2 protein chains.
Amino acid sequence: MSNITDIIERYLKQVLQSKNQNMIEIKRSEIADQFQCVPSQINYVINTRFTEEKGYIIESKRGGGGYIRIIRIEHQEQSDLLDAIIKLIQPTVTQQASVDIVERLLEKEVITEREAKLMVSVIDRNIISVPLPIRDEVRSRMMTAMLTTLKYTSK
Amino acid sequence: MSNITDIIERYLKQVLQSKNQNMIEIKRSEIADQFQCVPSQINYVINTRFTEEKGYIIESKRGGGGYIRIIRIEHQEQSDLLDAIIKLIQPTVTQQASVDIVERLLEKEVITEREAKLMVSVIDRNIISVPLPIRDEVRSRMMTAMLTTLKYTSK
DNA sequence: TATAATTAAGTCAAATATAGTCAAAGTCAA
DNA sequence: TTGACTTTGACTATATTTGACTTAATTATA
């Protein structure tokens with residue numbers, strides 16, 4: 001348990017806790033210096049220890065003034081239902097199936113009426129407007145992205 | 001957040017606010033002196049932080065008595081704002097411009113935080129995932145569909 | 001009044017500063 | 001001794017900073 005990945009993981013989680021907040025912002029190269037490892041090691045730590053499933057969101061910016069932001073999130077109540085739906089719509093999904101899903105989420109009050117309308121409007125075949133079968137793949141990714149967002153965003 | 005671009009951006013926005021008006025006029029060389037940077041840095045700040053998508057218009061004059069004017073765009077009605085944005089994003093729109101637009105709508109409380117996250121998630125280049133320039137056309141239709149929905153759906 | 005000088009702002013590309021990706025090499029436990 | 005996990009570094013992508021050169025407006029001068 002003394003590999004550098006675990007050490008950096010523990011350090012970052014400790015900083016998160018001690019600051020008593022759900023966000024920290026780091027400079028990749030500074031952390032790499034601090035722990036004497038290559039910068040890409042930090043990406044490895046983040047990709048394996050601070051994943052969405054584990055309850056984290058990562059934001060970052062390159063260039064001057066760049067940073068990596070680690071945000072702790074709480075999954076919403078209905079996240080099991082959302083996971084099941086996400087599984088169901090891989091790797092393609094039709095417009096009709098998507099509309100049915102959105103309506104079900106509305107009935108279950110997972111989403112608002114306005115959110116439902118937004119979702120239905122954006123997954124329309126005439127809006128995506130690329131040929132089948134690509135279209136249903138694009139829609140699958142779109143739905144997955146939105147459902148994943150719902151998983152960790154409260155009303 | 002210690003890069004000069006962000007600092008100057010914050011300063012200019014603060015002056016805009018404190019003056020309680022939607023226009024400020026600056027002398028490029030004076031601001032450059034004040035923040036000890038080259039004059040063209042000011043152009044960089046303006047070109048990346050005070051874009052039309054973010055809701056600003058820039059006017060300027062060279063020569064003696066020259067200036068740069070930053071004007072914040074205001075709309076009377078929400079539907080006017082949405083119409084203006086829809087016009088702006090035809091027939092293509094980049095991811096960055098779209099994110100800027102969504103952030104502006106959130107600021108103006110036209111949409112909720114959750115709606116903003118839904119919109120940002122679905123217009124991501126990796127989600128649409130078709131080659132340019134088609135991708136920016138698809139995104140334009142997607143944004144237009146969602147904005148049109150917002151126009152006709154109350155909160 | 002032309003023309004030259006001066007005073008601004010604009011453009012663009014190179015240099016610099018970050019972070020991301022990916023695959024090869026290394027490690028370690030079962 | 002194999003397979004999963006970790007470490008490393010070369011290469012890529014992106015954002016910012018800088019300065020040389022260009023363009024435009026005003027002012028001074030012949």
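Quick note on labels: first sequence line is chain A, next is B, and so on, each numbered from 1. Hydrogens, waters and symmetry mates are skipped; everything else that's a heavy atom, side chains included, is used. Since we're looking at a predicted model, the values are computed, not measured.
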The reported gap from CD in A:Gln95 to CZ in A:Arg135 (rounded to nearest 0.5 angstrom) is 8.0 Å

Does D:dT16 have a Watson-Crick or wobble mate here (both distances under 3.5 Å), and if so which one?
C:dA15

Judged by atom type as modelled, is there a donor-acceptor pair below 3.5 Å linking the side chain of A:Gln41 to the main-chain atoms of A:Val38?
no

Ignoring hydrogens and geometry, is there a side-chain-to-backbone donor-acceptor pair from B:Thr48 to B:Tyr44 under 3.5 Å?
yes

Using whole Å, report how far CZ of B:Arg125 lies from P of C:dG20.
14 Å

Would A:Asn43 and A:Arg28 count as a side-chain hydrogen bond (donor to acceptor under 3.5 Å, both in side chains) if you check the C-alpha gap in whole Å, the side-chain angles of each, and the deciding distance to 0.1 Å?
CA-CA 8 Å; A:Asn43 296 87; A:Arg28 189 179 76 152; 2.7 Å; yes

Examine distances only and state if a side-chain atom of A:Lys117 and a backbone atom of B:Thr153 form a donor-acceptor pair shorter than 3.5 Å.
no

Ignoring backbone atoms, establish whether B:Tyr44 has a side-chain N or O less than 4.0 Å from OP1 or OP2 of D:dT16.
yes

Between C:dT18 atom P and A:Ile58 atom CD1, what is the distance in whole Å?
19 Å

Name the residue from B:Ile89, B:Thr51, B:Ile86 that meets the side chain to side chain contact (heavy atoms under 4.5 Å, CB included) definition with B:Ile101.
B:Ile89

Report yes if a side-chain nitrogen or oxygen of B:Thr5 is closer than 4.0 Å to either non-bridging phosphate oxygen (OP1 or OP2) of D:dT17; otherwise report no.
yes

Measure the distance from CD1 on B:Ile4 to P on D:dT18 and round it to the nearest whole Å.
8 Å

Expected list for residues 126-137 of chain B near DNA chain C, using heavy atoms below 4.0 Å, is none

pair B:Tyr11-B:Ile31: side-chain heavy atoms closer than 4.5 Å:
yes

With no hydrogens and no angle check, is any side-chain donor or acceptor of B:Ser140 less than 3.5 Å from a backbone partner on B:Pro91?
yes

Protein within reach of the bases, or only the backbone? For nucleotides 24-30 of chain D, mark each nucleotide 5' to 3' as B, S or -, using heavy atoms under 4.0 Å.
BBS----

Treating primed atoms plus P, OP1 and OP2 as sugar-phosphate and everything else as base, which nucleotides of nucleotides 23-30 of chain C get B, S or - for protein heavy atoms under 4.0 Å?
--------

Any side-chain N or O of A:Ser60 below 4.0 angstrom from OP1/OP2 of C:dG20?
yes

Taking only side-chain N and O atoms of B:Arg49, does any of them lie within less than 4.0 angstrom of OP1 or OP2 on D:dT16?
yes

Flag the pair A:Asp124 and B:Arg141 as a salt bridge only when some basic side-chain nitrogen lies within less than 4.0 angstrom of an acidic carboxylate oxygen.
no

Side chains of B:Gln90 and B:Thr144: do they bring a donor and an acceptor to under 3.5 Å?
yes

Regarding B:Lys13 and the six-membered ring of B:Tyr56, is the cationic atom NZ or CZ under 6.0 Å from the ring centre and inside 45° of its axis?
no

Mark yes or no for whether A:Lys151, through its side chain, and A:Asp83, through its backbone, hold a donor-acceptor pair below 3.5 Å.
no

Identify every side-chain donor-acceptor pair in residues 67-80 of chain B under 3.5 Å, counting partners at least two apart or on other chains, and give the distances.
unit_1, atom_1, unit_2, atom_2, d
B:Tyr67, OH, B:Arg69, NH2, 3.3
B:Arg69, NE, B:Glu25, OE1, 2.9
B:Arg69, NH1, B:Glu59, OE1, 2.9
B:Arg69, NH2, B:Glu25, OE1, 3.2
B:Glu74, OE1, B:Lys108, NZ, 3.2

Would you kindly give the OH-to-C1' distance between A:Tyr67 and C:dG20, to the nearest whole Å?
15 Å

Whole-Å distance between C:dA13 P and B:Asn43 CG?
15 Å

Nearest-Å distance for atom pair CD1/P, residues B:Ile8 and D:dT18
10 Å

Separation of atom CD1 in B:Ile26 from atom C1' in C:dG10, rounded to whole Å:
13 Å

May I ask you to list the residues of residues 28-41 of chain A, by number, that have any heavy atom positioned under 4.0 Å from an atom of DNA chain D?
A:Val38, A:Ser40, A:Gln41

B:Glu59 CD to C:dA9 C1': how many Å, rounded?
14 Å

Going by salt bridge (Lys or Arg N to Asp or Glu O under 4.0 Å), name the residues that satisfy it together with B:Lys155, two or more places apart in sequence or in a different chain.
none

